[in-house]
Amino acid sequence: MAGTLFVVATPIGNLEDITLRALRILGEVDLIACEDTRHTGKLLAHYQISTPTSSYHEHNEHQRTGWLVERLESGMDIALVSDAGTPSISDPGYRLVRAALERGFHVSPIPGPCAIISALSISGRPTDSFAFLGFLPGRRTARRTRLRALRSESRTLLFFESPLRLASTLSDIDEILNSQEVTVAREMTKLHEQLVTGSAAELASLFRSRRPRGEAVVVVEKASSEPEAAESLSDRELDRRIQGLVHQGLSKKEAIKKLAKQLASPKRELYLRLLREKKIVDGKQ
Ligand code: SAM
């Protein structure tokens, strides 16, 4: 009988983030195809799994795919893992999965951690519709061109970014996408996990002054091309938004200024309206 290819998600930091099923499958298969055998070796040693491993990475994907498919043909079950998270998501694996499917082998997901979904789930940004753009080009001109192509995009956008380029990418996002709110999820599930939110300009200057370490996902909430009119919002909704900003650490004055900017409404007008509705006297309604 032909073998099965299991696509197994592994931790993105904390070694405890692995499912019971993933551990069982890693222990039961005949071979584990790893992005980096030494890296995965540490995970396997931690869980006392002694299944043989073989390397499968971007530089040998072409040759290795045929070799692994032959093993499936001979009846071996294979688990595919990457260094972290879900294989084939901005990681090696796509070619092998495709080749296995084309030859009619069963390909089965063993779901688990994924940096994109983890960042989205804690971002507080709209999740009903989002677009994942992978890594933006490293070269500034190409990056800016890619961002320009996203100007009319209204979905929440997610990018991977290296700490080295985080500040300049955020500056470009500020300038080109006119995004109002950005979240950077850094080192998720690790010791120095950090979630920061603010305007792209604020976060660009934060990371310029203190260069971050480690891995990061950037979540961008796109401004709609037509800014909302303050008049279209109920008093209750206005108040809810102000309180939300205050909870993020802004003073009431800063919150009003920021909301006025988001709504493209003159600050004074918004202030007067809130005052009229007694929304800003001591923060009480
Ligand atoms: N396949 C992986 C997944 O499902 O999460 C993604 C692989 S991609 C090559 C690696 C990128 O994911 C990193 O450069 C970083 O942007 C992001 N990433 C991975 N682990 C992360 C973590 N613990 N915290 C924040 N970002 C992370």
Side-chain angles (χ1 to χ4, degrees), residues 5-19 21-22 25-26 32-40 42-43 46 55-61 79-98 107-125 127 130-139 143 146-147 156-170 172-173 182-197 200 203-204 206-207 210-220:
L5 176 65
F6 295 96
V7 179
V8 183
T10 57
I12 58 169
N14 191 319
L15 288 190
E16 289 176 18
D17 294 331
I18 186 156
T19 68
R21 187 159 168 248
I25 295 290
L26 290 174
I32 304 174
C34 315
E35 185 178 2
D36 178 340
T37 50
R38 272 187 305 178
H39 185 95
T40 301
K42 290 181 195 149
L43 177 74
H46 185 80
S55 76
Y56 182 78
H57 47 70
E58 57 177 331
H59 304 295
N60 70 5
E61 245 183 309
L80 170 70
V81 299
S82 59
D83 285 353
T86 303
S88 95
I89 306 296
S90 283
D91 262 345
Y94 157 79
R95 278 197 183 81
L96 177 59
V97 168
R98 196 177 170 109
V107 178
S108 186
I110 309 295
C114 177
I116 307 156
I117 300 301
S118 301
L120 188 64
S121 72
I122 56 168
S123 69
R125 310 270 166 236
T127 57
F130 64 90
F132 166 59
L133 285 309
F135 287 97
L136 289 173
R139 293 172 70 108
R143 182 168 70 227
R146 178 79 57 85
L147 287 172
T156 296
L157 303 175
L158 286 105
F159 309 94
F160 286 152
E161 194 47 284
S162 84
L164 281 181
R165 284 195 294 266
L166 200 48
S168 54
T169 295
L170 287 165
D172 289 342
I173 289 174
V182 175
T183 295
V184 175
R186 249 181 15 88
E187 296 286 85
M188 287 180 290
T189 79
K190 300 184 192 175
L191 190 60
H192 299 293
E193 179 177 278
Q194 183 192 34
L195 184 74
V196 278
T197 67
L203 298 196
L206 172 76
F207 290 124
R210 237 182 315 129
R211 181 177 283 175
R213 290 217 189 133
E215 307 186 280
V217 180
V218 180
V219 188
V220 178

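Counting starts at 1 for both ligands and their atoms, following the listed order.
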Heavy-atom distance under 4.5 Å between the side chains of [X] and [Y], does that happen here?
X    : Y    : result
M188 : I122 : yes
V217 : I116 : no
R165 : L136 : no
Q194 : P212 : no

Checklist entry - How far does CZ of F159 sit from OG1 of T169, to the nearest 0.5 angstrom? => result 8.5 Å
Checklist entry - Can you tell me how far CG of L158 sits from CG of L133, rounded to the nearest 0.5 angstrom? => result 8.5 Å
Please tabulate, line by line, the atom pairs linking an N/O of ligand 1 to a protein N/O at a distance below 3.5 Å, with the distance in Å to 0.1, or answer 'none'.
{"from": "ligand 1", "atom 1": "1 (N)", "to": "T86", "atom 2": "O", "distance (Å)": "2.9"}
{"from": "ligand 1", "atom 1": "1 (N)", "to": "I89", "atom 2": "O", "distance (Å)": "2.8"}
{"from": "ligand 1", "atom 1": "1 (N)", "to": "D91", "atom 2": "OD2", "distance (Å)": "2.9"}
{"from": "ligand 1", "atom 1": "4 (O)", "to": "T86", "atom 2": "N", "distance (Å)": "2.8"}
{"from": "ligand 1", "atom 1": "5 (O)", "to": "A115", "atom 2": "N", "distance (Å)": "2.7"}
{"from": "ligand 1", "atom 1": "16 (O)", "to": "A216", "atom 2": "O", "distance (Å)": "2.7"}
{"from": "ligand 1", "atom 1": "20 (N)", "to": "E215", "atom 2": "OE1", "distance (Å)": "3.2"}
{"from": "ligand 1", "atom 1": "23 (N)", "to": "I12", "atom 2": "O", "distance (Å)": "2.9"}
{"from": "ligand 1", "atom 1": "23 (N)", "to": "M188", "atom 2": "N", "distance (Å)": "3.4"}
{"from": "ligand 1", "atom 1": "23 (N)", "to": "M188", "atom 2": "O", "distance (Å)": "2.9"}
{"from": "ligand 1", "atom 1": "24 (N)", "to": "E187", "atom 2": "N", "distance (Å)": "3.4"}
{"from": "ligand 1", "atom 1": "24 (N)", "to": "M188", "atom 2": "N", "distance (Å)": "2.9"}

